Amino acid sequence: MNIESSLKSAIKQALSALFQVEEEVVLQPTKSDFEGNYTYVVFPLVKQLRKSPADIANAIADYLKTNTNYIKSYNVVQGFLNLVLADEVWFNTLNGILAEESFGVLPKNNQSVMVEYSSPNTNKPLHLGHLRNNFLGFSVSRILEANGYDVVKTCLVNDRGVHICKSMWAYQQFGNGETPESSGLKGDHLAGKYYVIFDKHYKVEIEALVKGGLSEEEAKKNAPAMKAVQEMLIKWEQGDEETIALWRKMNDWVFAGFNETYQKIGVSFDKTYYESNTYLLGKDIVEEGLAYGVFFKKDNGSVWIDLKEEGLDEKLVLRADGTSVYITQDLGTTDLKFKDYNISKAIWVVGNEQDYHFEVLFAIMKKLGRNYADGCYHLSYGMVELPQGKMKSREGTVVDADDLVAEMIETAEVTTRERGKIDDFTKEEADALFRMIALGALKYFLLKVDPKKKMLFNPADSISFEGNTGPFIQYTHARICSILRKAASQGLEASSKVKVVDINKYESDLIFVLNDYPNAVKKAGEEYEPSAIANYVYELAKSGNQFLQNVYVMHEEDLGKKLFRLALIKSVSETIRKATALLGIEVPNRM
RNA sequence: GGAUCCGUAGCUCAGCUGGAUAGAGCAACAGAUUUCUAAUCUGUGGGUCGCAGGUUCGAAUCCUGCCGGGUUCACCA
C-alpha cells in the first residue's frame, strides 16, 4: 500500500473516531519552507466542529501518534497539520517499489483504444508540426498501455485529392523523369519539390490573368494549371491508367521517405488507413441518417444535419451533386475503425484548428445513435510557432523534420565530444548515443508543454541540453548507472530489500517523488497529457541529482546505509527509464 | 460578429478537483570540482498571476463582465 493512501485512511479513521465525521481526506505535499512530508488542511472542519484549527490539528496528530506508527513528528501552523513520516514508512515504501517489477503500470483493463496520429499528406515532407503530433500520439499510446489498455496505433494517410494532383501535375510537366535515385532526394522531399514548383507556376499564371483584367478569384479558378489539376483529379477518380500509375509511383516514393523518417524518430503504427480507400465511405451513413430523419435534404438535393440544439449549426454532409465532403469520409472512417477493431475508445491526435470539425463529427455520431460516440476523443493540440511567427510553407519558414533531426544529432555529437567522456566508444555506440540524446532533447522539448497550448519553438532553447531538458534527465540516469557499475565492481549489488537505517531529507524526498510515479501515470492517462509525465520525470531527475551531489553513496562506511542508497538510486534510475519510455525517450547507461 | 482556446518573472513554461510567503528552467550575478559523470549542485536579484467585480474563513485556481491574442464558423481537406 502506498504512503499516501495509508495516511489518508489513517486520518479518515481519526476523524471518525475523534469527531464522528466522514470526510474525504485530501493531502498535499508540504511546502519546502516547513518541516514535513504531507500536509493536511483542517480549515474545512473548523465551522462544522466549532473548534479552533490548532485544536483539531493537534487532536488528529495525537491520534495518529498513538494509534499508528506512521508519524515521526508533526507541527501545526495555523490550520495546517504538517506530518513527518517515520523512517519505517519510507523503507516499506521503497521496498514495495523495489519488489514491483512493473511499478507504475496498472493491470490490464480488457479495453482497447485506438490512437490515430501523424496523418500526413503525401505531397510534402513532414515538418515540425508533424513531429509534435507524432510524439504526442506515440506517447499517449504508451501512456494508455501503462494504464491498462490495449492500444491500436493508426495512421490515416491523406493520399488523394487536389493537393496530391498538384505535385503530380507539376512533376508530369517539369519532372524530366527525375527519381529519388537520380536526384539523391528522399522521396517525400522530391514530391514536395514539385508541390512548390506547382505553386510558383500557378502564381505566375494568376498574376498574368489579373493583369489581363480578371479578378483574383476568377484568375485562381481559371488558371490553366488549376484546370489541368482538376482534370487530373477527375481522371484519377475514373481510374485512368496513366494517372493512377503516376500516382502510385510518386506515392511510393513518399511512403518510402516517410517510413525512413518514422523509423529515425522512433514512432510506428499497427495499422495504416489510406484515404484513397476510405474516401467513398460514409455515403451509406448519409442514407441511414436520411432514413431515420436525422439528416434532411434541401431543394437542390444537398443533405444536411441540424445541430442547433447541440449549440452548433447546420452542417452539410453531402453535396448537391452527390459527392462527399470531408466530414462524410470521417463518418465512414469512424464506423470502419469500430468495425475493424473491438475498441471502446478512439482518439484522434489532430491540431486544434479542427476543433469544430470534431465537435460536429461526434455530435453527428451521437445523433445517429452510435453507442461508441462517448468514447470518441479529439486530442487537440496547439500549433508550433517560431520566433518570427507561424510556419508558412509558401514563405519557406517551415522547419523540416528531417533537417531538424539531423541538426540535433550534429549538435548532440559536438556537445558530447566536448565532454570527452565516451572516447572509448565504438563508432556504432557513439552514433547510437548521439541519436538518443538528439531525439531525447527534441521529444522532451515538444512534450513537456501542455498539448492543448500553442508552443514556441525557439531553436536556441530547443537544442539546449541543460536544465529542464531531455538530456538532463538522460544524464541523471547515466550518472546513477556509473555509480551502480562502480558498486558492482566492488561486489556490491543494489539489494532488492533494504533494512531500516537513519534516513536524511534527501533520501526521504527522493522516495516521496518515487512514490508519486503511479499518480503521474494515472493523471497522464486520464487527461491524455504526456506533459504530466515529462514534468514528473524532471522532478525525479532533479531530486536525484540533488541527492547525488550531496550524498556520496560509495563513501558511506556503514554497509547497511550504502546498500540502502544503492537500492534507492537504482530505483530512481529504473523509474526514470520507465517514465521516459512513456514519452518515447530512451536513456543511455553512459553519456 | 458567433463559437472556442489562451493570457503567470526579461524569455520559455509548471501550478488550475480553491489553501501557507505563487514555483522551475533559461538569461544575469556570486559560489562549489585532490571526492561515485560539473550535461551537475548551492545561493542572490527578478511578479499588481491581463483588468474589474463577485462567491468565502481563504482565489493564479470557481462565476460574471471587460481588454488583448490564437483558432474556427466553405457544397476546401
Side-chain angles (χ1 to χ4, degrees), chain A residues 24 26 28 30-34 39 41-44 46-47 53 77-80 82 121 158 160-163 275 279 298 300-304 311-313 315-327 329-330 351-357 359-360 380 382-383 385 387 390 412 415-416 418-419 421-422 437 441 445 448-450 452-458 460-462 464-476 478-487 531-532 534-535 538-539 541-542 544-556 565-566 569 590-591:
Chain A
E24 211 40 55
V26 179
Q28 49 187 295
T30 303
K31 299 203 102 188
S32 55
D33 306 331
F34 301 90
T39 295
V41 184
V42 301
F43 283 117
V46 170
K47 217 180 220 174
V77 183
Q78 297 169 45
F80 299 89
N82 300 320
N121 294 344
N158 188 327
R160 64 162 289 280
V162 191
H163 49 299
E275 282 202 8
Y279 81 106
K298 289 198 176 174
N300 66 359
S302 56
V303 180
W304 297 72
L312 304 166
D313 207 343
K315 176 79 183 175
L316 176 98
V317 293
L318 199 69
R319 291 193 190 104
D321 64 6
T323 56
S324 300
V325 289
Y326 179 45
I327 199 139
Q329 291 178 45
D330 257 6
N352 63 8
E353 73 271 15
Q354 294 200 37
D355 284 355
Y356 184 72
H357 169 76
E359 228 181 306
V360 170
S380 161
M383 297 292 101
E385 292 178 6
K390 288 167 66 175
T415 310
T416 306
E418 273 171 9
R419 326 256 155 173
K421 293 173 188 170
I422 61 150
I437 293 171
F445 188 85
K448 74 175 171 186
V449 182
D450 183 344
K452 66 173 177 287
K453 289 189 179 174
K454 71 171 199 268
M455 69 176 295
L456 183 81
F457 185 86
N458 186 332
D461 292 346
S462 67
S464 163
F465 295 166
E466 286 163 18
N468 188 356
T469 66
F472 167 74
I473 291 154
Q474 291 170 319
Y475 166 79
T476 311
R479 196 174 172 183
I480 291 173
C481 287
S482 169
I483 299 171
L484 294 175
R485 277 193 301 273
K486 185 171 179 182
S531 57
N535 292 331
Y538 173 61
E539 274 309 310
K542 201 163 57 159
N545 260 308
Q546 283 164 355
F547 173 87
L548 295 175
Q549 204 76 19
N550 290 287
V551 183
Y552 277 77
V553 175
M554 295 306 289
H555 289 195
E556 177 56 50
R565 286 175 184 168
L566 286 171
I569 62 171
R590 285 181 59 190
M591 69 184 274

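Note that the structure is predicted; figures quoted are calculated from it, not measured. Chain naming here is simple, since letters A, B, ... match the order of the sequence lines and numbering starts at 1 in each.
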Any residue meeting side-chain contact (heavy atoms from CB on, under 4.5 Å) with Ala478(A), in chain and number order, not counting sequence neighbours: Met591(A)
Sugar-phosphate only, base, or nothing, as touched by Leu312(A) at under 4.0 Å among non-hydrogen atoms: nothing
Qualifying residues under salt bridge (Lys or Arg N to Asp or Glu O under 4.0 Å), relative to Lys452(A), sequence neighbours excluded: Asp450(A)
side-chain contact (heavy atoms from CB on, under 4.5 Å) partners for Val46(A), two or more places apart: Pro53(A), Ile56(A)
Heteroatom pairs (N/O) under 3.5 angstrom, protein to nucleotides 17-19 of chain B:
none

Candidate nucleotides rU71(B), rA77(B), rA39(B), ranked by approach to the side chain of Met591(A) - the nearest: rA39(B)
Phosphate contact (rC36(B) OP1 or OP2) by Arg590(A) side-chain N/O below 4.0 Å: no
Any N/O donor-acceptor pair, Thr39(A) side-chain to rA20(B) base, under 3.5 Å: yes
Which nucleotide in rC36(B), rC41(B), rU56(B) has an atom nearest any side-chain atom of Ser482(A): rC36(B)
Phe465(A) side-chain proximity, nearest of rU37(B), rC36(B), rA39(B): rA39(B)
Those residues that, when tested against Asn458(A), pass side chain to side chain donor-acceptor pair (under 3.5 Å) (two or more places apart): none
Whole angstrom value for the distance that separates C1' of rA77(B) from CG of Leu316(A): 14 Å
Pairing annotation in dot-bracket form, given for RNA chain B with Watson-Crick or G-U pairs under 3.5 Å and | for cross-strand partners: (((((((..((((.....[...)))).(((((.......))))).....(((((..]....))))))))))))....
Heavy-atom protein contacts under 4.0 Å, nucleotides 9-14 of chain B, coded B base, S sugar-phosphate only, - none: ---SSS
Contacts of type side-chain contact (heavy atoms from CB on, under 4.5 Å), residue Arg590(A), not counting sequence neighbours: Asp424(A), Phe425(A), Arg485(A)
Qualifying residues under side chain to side chain donor-acceptor pair (under 3.5 Å), relative to Glu539(A), sequence neighbours excluded: none
Centroid distance under 5.5 Å and plane angle under 30°, Tyr552(A) vs rC36(B): yes
From rA32(B), rA20(B), rA39(B), nucleotide with atom closest to Gln549(A) side chain: rA32(B)
Residue list, side chain to side chain donor-acceptor pair (under 3.5 Å) with Asn468(A), at least two apart or on another chain: Tyr444(A)
Any residue meeting ring-ring contact (aromatic ring centres under 6.0 Å, His included) with Phe547(A), in chain and number order, not counting sequence neighbours: none
Base rA20(B) to side chain Asn82(A), donor-acceptor N/O within 3.5 Å cut-off: yes
Pairwise distance CZ(Arg565(A)) to CD1(Ile483(A)) - rounded to 0.5 angstrom: 11.5 Å
Partners meeting side-chain contact (heavy atoms from CB on, under 4.5 Å) with Asn121(A) (sequence neighbours left out): Asn123(A), Lys124(A), Asn158(A), His163(A)
Among rU21(B), rU37(B), rU71(B), the nucleotide that comes nearest once only the side chain of Glu353(A) is considered: rU71(B)
